[in-house]
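Below is one structure, written out as C-alpha cells, with a few remarks after it.
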Amino acid sequence: MSVTPKKRENYKPLLWTPINILLDFQIYKNYTFVTSNILFEKNDQNNIKNFTLESSIELNGIDLETINLQVSLDNKPFYNIDIKIIFINDELISISIPKDAVQVRILSKVKLYPSDNSSLEGLYESNQMLCTQCEPEGFRKITWFPDRPDCLSIFKVKIEAPLSFNTMLSNGNLIDEGILKDCNDKPIRHFKIWNDPFPKPSYLFALVVGNLEVTVSNFTTSSNKKINLQIYTEIGNKHLTGHAMNSLKKAMDWDERKYGLEYDLECFMIVAVSHFNMGAMENKGLNIFNSKFILADLNCATDFDLQNIEAIVAHEYFHNWTGNRVTCRDWFQLTLKEGLTVFRDQEFSAEMNDIGVKRIEDVRLLRSIQFPEDAGSNKHPIRPDEYLEINNFYTPTVYEKGAEVIRMIYNYLGEKLYRKGMDVYFDMFDGKAVTCEDFLKALELGSNLDLDLFKKWYTQVGTPKLNITRVAHNDKITLNLSQTINEYKSCLPIPIAISLIDKKGDLVQFSINNLKLQYEHIFLLSKSNDKVEISGHKDIVIPSLLRRFSAPVNIKTDLTISEYLHILRHDNDPFNKWEAIQNLYLSCVINEENISSITSILNYFLSEKIISSSLLAYLLELPSKNALENLYNVSDPIDVYNTRRNLIKKIALSLQNIFEKTVSRLINDDIKRSNQMGKRLLLGKILNYLVLIDSKIGIQLAENISVSDNMTLSSIGLKSLCQGDSKNSIKHLNNFYLKWEGNSLVLEKWFEMMSTLNVDGEGVNFIKKLLFHQAFDYKNPNKLRSVLGSFQRENILLFHANDSSGYNFVSEQIILIDLKNPQAAARLILPLTRFNNYSELRKEKMKQALHKIYKKNNLSSDLSEIIAKALK
Ligand code: PHE
Ligand code: ZN
C-alpha cells in the first residue's frame, strides 16, 4: 500500500514511449499466458537534452507471475543482458537505457490466473467468460507496461483459446483467424488477431473470451460508411438486447447531428458481463457493460432501467471522441473526459425524452449525492490535486459536478460558439492526451471569448451559497447578490438565469442594468457581492431565479411563500416549478399550515391535467433526506426520517380523494403501453402516498399490479407495499421471488426491496440472512449494492439504530468485501462516512464502526484512503 499521495504538480512526461505493442494471449482452462512485445522510441515531444544522460523505462506490473523479461536495443537480438532491471518495489521495475540507444524492445511473458482475480480489474472471469477492465490502472495486472494515459500505442492482439470458446474479441478490426490442429489433424484450438489502427492508452485495451451469443445490426454514417454493430451476451439473453441496440443507433445519429462526429472503425462491439464494478467501460471499439445496463424488455426491466440503458450506452459511445480520440494526460484530468461526456449524455437524454424533466432528474442526483460529497470528508475539486488511490476519484464530483461546469460554459458561450470551440478541440487534440487547460484553450480559440474566470471551478472545493435579496423602488428592482463557500467569501463565475413573472402568471420583458429588453437574462455573477438593476417592466412582478438550475449552487432568496406558490403555479420553467415546491415543502417542516396551500395547487394540477404526468410525479416528491438534514445545524437521520414521513402522511390525507380517483383513472388508461412512462411514474408516486395512509383502494391496486407482466408496474406496486405492513410486503415479495427465481438481474430488484424492510423482532438479522440466500453472489457488486447499498440508503431505522447494530453490520461486511474487491468496499463504505451534520453521540458511533475496519491489517489502499479522511 503506497502512503505517499500522488500529486498533480509532479507530472513528468515520459522519455521513452511505447509506439506499438504486440500482445499474445494463450488461454487455457485455469490460466492464461500473456506475451508482450513492446517497441519504445524516444518521446519526440521532449527536449532532446533530456537524453544526454542515461535514461530509464519504468514498467508497472501487479500480481504478475513473470516467466521472462528481456530487453533488446536497436534491433539487436534479445538477450538477458547486463542492462539493469531494477525492481523498485513489487509493482514497479525500472530498466536503464544507455544514452546512445535509439530503439528499445521489451519482451515479457507472464502467467495469469483469471478465476482467482476477484477484484474485477485486469483479466478476470465472470460466469465462465474471460474479460478485462483496465481503467484506470488495471492493465498492469495483465502485463508489464508503462500503465499511464499519456502514452498512446498501436495495439495488435492475438488470442488463442480452446474451441469451447466461440468468441474471442479485442479492440479494433479483425485481421486474421485460424484453427490449430493436433498431430492427428483434429482441430483443438483456434485463434483470432485484432488490430486497432488508433493509438490508444493502455486503459482502453479490452479482451473478451467466452461462449457467447451475438445480436448483429448496422448503422450507416453520414459519410456513408456501413458500421457493423454487435452486442454479445451470455447464452439465453439475446432477446434482451433490442433496447440497447436502438439506443446505440440513436447515440450514433445524435453525435453526428450535434457535434459532427462519426464513428471511426468497421465495427462497434458491446459485451454484457454479470460481474462489473461500475456501469460500463468505453474500451475502444469494444465497450464492456454491466449486464444490468444492456439486458432489458418491458417484462423484466423498469422504465427507469430502460432510461439508464439509453443514457449509459450513449455515454460510452460518446467517449469514443471525448475520452478515446482525445484522452487525458494524467488521471488528475479525469473530468476532462467524464464531466464532458456526462454533459453530452445528459443533453442526449434530454432530447430523447423530456428536457425539463431530465433537468430535474439531473439536479436531484447532483443534490442528493454530489452536494453531500462536496461537504464531506471525501470532498475534492472536479480536478483533484492529489490522491492515494485513483479508483476513489470516480465520483459524483468529477462526473456530475464536472458536467455542471461544462454546462455553465456551454450556456455562457451559446450553442454556436460552443460548437466552434469543440470543433477546434477535436482538430487540435485528436490523437493526443491533454489537460483541462487544453480544453478551455480550444473553446477560447473557437469562440473568441475569454474563459479564464471559469478555471476557478476546476480548483474550488465545496458548493457555493448564493444569496439574493430584493429592494423594490417604484418601477425598479435592485437585486443584491452575494456568494460564499463555507462562510467564506468566494468569487466563482455564477451564471444566474433570471425571468420575471407578472400577476397573471405571464413572463414579462425587462431590462437588466439598462441593457436591451428580454424575457430572460443570464447575469454572470463573478464578484463576491454585486447588485443588478431590473427595470423596464410594468406592474408587480416576481423574479424566477437560477432558472433551469443555471449553476450548481445552493440558492437562498427572500421569496415569500405566496411568491413560491405563484411560481409553482405559473412558471414556464419546469425546473423552477419543482424548485418552488421543494422550498414550499421545506417550509412546511417549520410551519405546517403551509401544507393546505400546496395541496390545493397539487389538487388543481391533478384534476386539470395541465402539466405532464412525469412533471407532476416529480412535483409530488418531497425534498430528499439530505435537503431536510440541511435545514438544521445538527440533525438526526431518524428524526428527519420521521418528519418526512409525517409530512407525506399529512399531504396524503389531504389529497386522498383526488389521489384515489387519479390512480383508478391511470390504471384504466392502457397504462402498459411503452409511451406511458409518465403515467407510470405518477402512479408509483401516488401509490406510495396511499399505502402509507392505509388507503384500501391504494393497497388493493398496489397488490394487483405487483403481479403485472410489466416490470415497472410490478415494481411500483411492490415498492409502495414496502411502505406499509412488512408481513404483507414479504408475502408479495415472496411471490415475486418465485416468479423470477433464476433471473439473476430481476432478483437484484428483489434483494433491493427486501433490504428496505424492517421486520418486527428481526432487525438487522433479516438483512444478514439475505447475504446467505442462495441467489446472493458475494462476488457480484450488483448484489452487494442491492443489499448493502439499499440497506444504508433506504433502511434508515435499522442502519441508524441507536444500538449501532446497523453500523456494525455494515463494517463487518466491508472488511470481508475488501479482501476480495477493494473498489466495491471503498464505495459501499461511503454512507458510513457521512456524519458531518449529526450529533456528537451519533458521530462517535459511526466513527467507532470505521475504526473497527481501520485497525485491520492489510486494508486496501482504496478503503484506507476513504476511512482515513473520514476519521481525520
Ligand atoms: N470510464 C467509465 C465510464 O465513465 C467508468 C469506469 C471507470 C468503468 C473505471 C470501470 C472502471 O464510462
Ligand atoms: Zn464515462
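Atoms within a ligand are numbered from 1 in the order they appear, just like the ligands themselves. What you see is a predicted model, and the numbers here were worked out from it, not measured in a lab. Heavy atoms only: backbone and side chains are in, while hydrogens, waters and symmetry mates are out.
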Just checking, [X] and [Y]: is the charged tip under 6.0 Å from the six-membered ring centre and within 45° of the axis?
X: Lys783; Y: Tyr778; value: no
X: Lys284; Y: Phe198; value: yes
X: Arg140; Y: Phe145; value: no
X: Arg359; Y: Phe549; value: no

Exercise. Of all the heavy atoms in His319, does at least one lie under 4.0 Å from an atom in ligand 1?
Worked result: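 It does; at least one heavy atom falls under 4.0 Å.
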
Exercise. Is the shortest distance from a heavy atom of Lys337 to ligand 1 less than 4.0 Å?
Worked result: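 Yes, Lys337 has a heavy atom closer than 4.0 Å to ligand 1.
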
Exercise. Among the N, O or S atoms that Glu338 has, which is closest to the Zn ion (ligand 2)?
Worked result: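 Output for this pair reads OE1.
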
Considering only heavy atoms of [X], which atoms of ligand 1 have at least one such atom less than 4.0 Å away?
X: Ala280; value: 2 (C), 3 (C), 5 (C), 6 (C), 8 (C), 12 (O)
X: Glu316; value: 3 (C), 12 (O)
X: Glu282; value: 1 (N), 2 (C), 3 (C), 12 (O)

Exercise. Under the side chain to side chain donor-acceptor pair (under 3.5 Å) test, which residues partner Thr132, sequence neighbours left out?
Worked result: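 Listed in chain order: nothing, the list is empty.
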
Exercise. Is the Phe343 ring parallel, tilted or perpendicular to the Tyr418 ring (thresholds 30°, 60°)?
Worked result: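 The arrangement is perpendicular - the two ring planes meet at more than 60°.
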
[atom]: nearest protein contact (heavy atom, Å):
atom: atom 11 (C) of ligand 1; answer: Gln133 NE2, 3.2 Å
atom: atom 1 (N) of ligand 1; answer: Glu135 OE1, 2.6 Å
atom: atom 4 (O) of ligand 1; answer: Tyr399 OH, 2.6 Å

Exercise. How about Cys436 and Thr335: do any of their side-chain heavy atoms sit closer than 4.5 Å?
Worked result: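 Sidechains of Thr335 and Cys436: in contact.
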
For this session: Indicate, as side chain, backbone, both or neither, the part of Met278 found under 4.0 angstrom from ligand 1 when only non-hydrogen atoms are considered.
Result: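 It is the side chain that touches ligand 1; the backbone stays farther off.
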
